[in-house]
Amino acid sequence: MSEETRVFRTAAVIPAAGRGVRLGPGAPKALRALNGTPMLIHAVRAMAASRAVSLVVVVAPPDGATEVKNLLAEHALPERTDFVVVPGGDSRQESVRLGLAALPPGIDVVLVHDAARPLVPVDTVDAVIEAVRDGAPAVVPALPLADTVKEVEPHTDGTPEPVLATPDRSRLRAVQTPQGFDHATLARAHESVTGEVTDDASMVERLGLKVVVVPGHEEAFKVTRPLDLVLAEAVLARRRANDGF
Ligand SMILES: Nc1ccn([C@@H]2O[C@H](COP(=O)(O)OP(=O)(O)OP(=O)(O)O)[C@@H](O)[C@H]2O)c(=O)n1
Ligand SMILES: C[C@](O)(CO)[C@H](O)COP(=O)(O)O
């Protein structure tokens, strides 16, 4: 089959097994409700909204796989998308690895998307997928910074931290998800890269491969602290107002 007619199969892995410590006491973060619907369902819908995504693997809180399966069954989701649920691990990296292990053969493009970023617009998702399909081994959506950044000597005792450097802000980006990958490349990174990372693209960088950046979106912010829940509810209210209901 010629390249231009190649059919890609794209899957999304959604790490949703975190506890949400920074959000405060309560259910695991992915199960907290936004506008009455679990954050995880919003995130699943955000991935399944892309017509390119045929499979979504949800990495559930370790003892929450049954609850997550029930949630997926109870909420309206696209018929054209298949869903798989697997229990997560002790770190985001481990959870993603467990999600990757659940992928069937034949997947070309893998998205890794935080359940904690429930409101990412579909255009952002599709831009990431398109960049991978155009040949990038790894793609991240990102936004320019709105604050000056300082590199400090971290102090764990709460005393003032000496500033070591002030990087040129114009060369920095705040990285979001979904991050997109050539499946074989991401699998190789998870098989061979060790050490702490905070995102999957960093693992591909450690293979010596170039990651590319596409524009992110302010609504793809991560729900991390309580105020983020307020913002997420406000975004949903604005969407309802714009959609006229
Ligand atoms: N062991 C873990 C830890 C995190 N995650 C997921 O990775 C994403 C980003 O992580 P983060 O925002 O840090 O979520 P939590 O780890 O739950 O937050 P906290 O650090 O405040 O506990 C989230 O969707 C979270 O569910 C995961 O699947 N497995
Ligand atoms: C993957 C990520 O969302 C990219 O910005 C971020 O690194 C996750 O960080 P967290 O501390 O695990 O939420």
Side-chain angles (χ1 to χ4, degrees), residues 12-34 38-47 56-65 67-68 71-72 84-103 110-120 124-125 128 138-147 149 154 172-181 186 189-190 193 195-206 211-229 231-232:
V13 172
I14 300 183
R19 290 175 30 239
V21 171
R22 289 169 288 182
L23 202 53
K29 177 155 63 174
L31 304 182
R32 306 280 185 98
L34 289 178
M39 193 179 309
L40 168 64
I41 297 296
H42 287 286
V44 166
R45 285 173 172 163
M47 293 302 99
V56 175
V57 176
V58 179
V59 189
D63 51 4
E67 182 177 359
V68 168
L71 287 174
L72 293 175
V84 170
V85 179
V86 295
D90 294 336
S91 68
R92 183 183 183 283
Q93 207 173 339
E94 173 65 3
S95 291
V96 172
R97 190 189 66 74
L98 292 165
L100 291 176
L103 292 176
V110 179
L111 302 177
V112 180
H113 181 58
D114 296 336
R117 295 181 187 270
L119 303 179
V120 60
T124 304
V125 179
V128 170
V139 180
V140 298
L143 292 177
L145 302 186
D147 299 300
V149 175
L172 299 178
R173 296 290 179 266
V175 174
Q176 302 174 323
T177 69
Q179 300 187 358
F181 304 89
L186 184 60
H190 273 268
V193 172
E196 279 288 301
V197 288
T198 55
D199 76 340
D200 300 276
S202 301
M203 301 176 79
V204 172
E205 288 167 54
R206 293 188 189 178
V211 173
V212 296
V213 176
V214 298
H217 196 285
E218 61 182 359
E219 293 182 0
F221 71 93
K222 183 155 63 75
V223 175
T224 305
R225 301 179 184 89
L227 192 61
D228 298 324
L229 287 174
L231 179 58

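Each ligand, and each atom within it, is numbered from 1 in the order the structure gives.
Nearest protein heavy-atom neighbour of atom 22 (O) of ligand 1: V21 N, 2.7 Å. Among all non-hydrogen protein atoms, the one lying nearest atom 17 (O) of ligand 1 is G20 N, 2.8 Å.
For ligand 2, one of its N or O atoms has an N or O atom of R22 under 3.5 Å away. Close N/O approach between V59 and ligand 1 is not found [any backbone or side-chain N/O within under 3.5 Å]. At under 3.5 Å, a nitrogen or oxygen of T198, whether backbone or side chain, sits near a nitrogen or oxygen of ligand 2. By the 3.5 Å distance cut-off applied to N or O atoms, T177 is not counted among the residues near ligand 2. Looking at R92 next to ligand 2, no N or O pair under 3.5 Å apart turns up. The distance criterion of under 3.5 Å between nitrogen or oxygen atoms is not met by Q176 with respect to ligand 2.
Within ligand 1, counting atoms from 1 as listed, the ones closer than 4.0 Å to a heavy atom of D90 are 1 (N). Annotation for ligand 2: atoms under 4.0 Å from non-hydrogen atoms of V175 are 4 (C), 5 (O).
Residue-level proximity to ligand 1 for K222 is carried by the side chain, the only part with a heavy atom below 4.0 angstrom. When heavy-atom distances to ligand 1 are checked against a 4.0 Å cut-off, A17 comes that close through both its backbone and its side chain. At a heavy-atom distance under 4.0 Å, no atom of V223 approaches ligand 1. Here K29 has side-chain heavy atoms under 4.0 Å from ligand 1, and that is the only part of it that gets that close.
Assignment of A30 to the shell around ligand 1 is not supported, since no heavy atom sits closer than 4.0 Å. Between A16 and ligand 1 there is a heavy-atom distance shorter than 4.0 Å. Ligand 1 lies out of reach of T224, whose nearest heavy atom is not under 4.0 Å from it.
Within the set R19, R22, R92, the minimum heavy-atom distance to atom 13 (O) of ligand 1 is found for R22.
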